[in-house]
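Some notes on the structure that comes next.
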Amino acid sequence: MEHAAINSLGFAHFLTETDGVGRSVLAALLLLSIASWYLIVTRALANAIAQRRAEEFLRRFWQASSLSEVETTLGAHAADNAFAALARKSLDALADSSRESLAVAGGMAEYLTRTLNNEVDREAATAEYGLTVLASAGSAAPYIGLFGTVWGIYHALVQIGLSGQGTLDKVAGPVGEALIMTALGLAVAIPAVLAYNAFNRRNRVWLARLESFAHDLYVLLTVKAGSGQAAAPSVSEWR
């Protein structure tokens, strides 16, 4: 009998006994959890693929004998990572600098700098995708769970007031509801916070490497080898 009574106060009992407010809190936590885990899984896979593709591209880039070979490689393969896209944009900017237009009125070096900065900024914006949802889930879920906890305690006090006595059978259900809401809020928030911190650190390292590569591209495309003088060399001069 005691075992049956314990089972009757489980999660299924909570779902059948909770009211509309409790179900709304549960639905909000469920939506936050689904959104968080979707972003965690998809972003983790996307980051791993991007890292592998970037490493492969950088290996081919630095093993190339000239920028002409890099151009050929970029023409044969899609720019499927931020580093390849940055290299393609910089080479396109070098080609565009020979044409008269307002974009290159300030000189090739200035035009290339703008192009590289714009591409790095675009990648930074792309890397931020989903982090707002994770931050919101990590910060809001405990408070949503706390609201459910307060609501469950309120139900327990109502039961005590109606019965005139605070026996276990009167308050076990509402108190159990309060504890479940607290646990669910933490269960949603903790993975979201950990993932947010991990993705933030990855983005900092990723963008630092991208900015370093952008500087290398700028030097390769604007400074003659060994002269230290700014110039606008053709691709063939780097062979």
Side-chain angles (χ1 to χ4, degrees), residues 11 23-63 70 73-93 113-149 180-218:
F11 191 74
R23 290 190 181 94
S24 298
V25 172
L26 183 62
L29 291 174
L30 181 61
L31 289 175
L32 286 176
S33 180
I34 292 174
S36 297
W37 279 107
Y38 170 78
L39 289 171
I40 290 171
V41 173
T42 56
R43 284 299 306 273
L45 290 175
N47 290 347
I49 293 173
Q51 179 72 25
R52 178 176 57 80
R53 289 175 175 174
E55 295 294 344
E56 177 63 21
F57 168 76
L58 290 174
R59 182 186 63 80
R60 293 198 308 266
F61 181 89
W62 292 117
Q63 288 179 353
V70 172
T73 300
L74 289 172
H77 300 86
D80 54 6
N81 63 87
F83 292 83
L86 192 65
R88 174 167 291 176
K89 287 288 185 179
S90 64
L91 290 172
D92 290 343
T113 299
R114 293 200 311 272
T115 300
L116 293 173
N117 286 337
N118 289 339
E119 192 64 22
V120 171
D121 290 342
R122 187 199 64 79
E123 178 61 21
T126 302
E128 292 290 323
Y129 170 75
L131 293 188
T132 300
V133 174
L134 291 176
S136 299
S139 59
Y143 293 102
I144 296 175
L146 181 61
F147 176 78
T149 300
I180 287 174
M181 289 296 189
T182 302
L184 290 177
L186 294 176
V188 174
I190 292 174
V193 170
L194 293 177
Y196 176 82
N197 292 334
F199 289 145
N200 250 342
R201 182 186 180 280
R202 177 265 176 190
N203 288 347
R204 288 196 300 270
V205 174
W206 179 260
L207 293 176
R209 291 187 63 193
L210 191 63
E211 290 174 356
S212 177
F213 183 64
H215 178 267
D216 292 338
L217 285 173
Y218 179 85

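As a basis for the values below, the full set of heavy atoms in this structure was taken, side chains included, without hydrogen atoms, waters or symmetry mates.
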Ring centre gap for F61 and F213 strictly below 6.0 Å: yes

Closest non-hydrogen atom pair, A44 against F199: N-CZ, 3.8 Å

Within-4.5 Å side-chain heavy-atom neighbours: N118 and K89: no

Nearest heavy atoms of A127 and R202, plus distance in Å: CB-NH1, 4.4 Å

Gap between atom OH of Y38 and atom CG of L134 - 0.5 Å precision: 12.0 Å

CA sep, side-chain torsions, deciding dist, call: W62, D216, side-chain contact (heavy atoms from CB on, under 4.5 Å): CA-CA 11 Å; W62 292 117; D216 292 338; 3.8 Å; yes

Heavy-atom side-chain contact between I144 and V188 under 4.5 Å: no

Nearest heavy atoms of W206 and Q51, plus distance in Å: CZ3-OE1, 3.4 Å

Under-4.0 Å salt bridge between R88 and E119: no

Heavy-atom pair with the smallest gap, counting every atom of L217 and S90: CD1-OG, 3.8 Å

S33 side chain vs L29 backbone, donor-acceptor pair below 3.5 Å: no

Distance (rounded to the nearest 0.5 Å) between L91 CG and T115 OG1: 11.0 Å

Rounded distance (nearest 0.5 Å) linking atom CG of D121 with atom CG of L116: 11.0 Å

Considering all heavy atoms, the nearest A137-P142 contact: O-CD, 4.2 Å

Pairwise distance CD(E123) to CG(L86) - rounded to 0.5 angstrom: 9.5 Å

Separation between CD1 of I40 and OH of Y196, rounded to the nearest 0.5 Å: 13.5 Å

Stepwise side-chain contact (heavy atoms from CB on, under 4.5 Å) check, F147 with M181: CA-CA 8 Å; F147 176 78; M181 289 296 189; over 6 Å; no

Side-chain donor/acceptor of S212 to backbone N/O of A208, under 3.5 Å: no

Among R59, R52, R53, the one residue meeting side-chain hydrogen bond (donor to acceptor under 3.5 Å, both in side chains) with E56: R59

Value rounded to 0.5 Å, distance of CG in L74 from CG in D92: 9.0 Å

For R43 against G130, the heavy-atom pair lying closest together: NH1-N, 4.5 Å

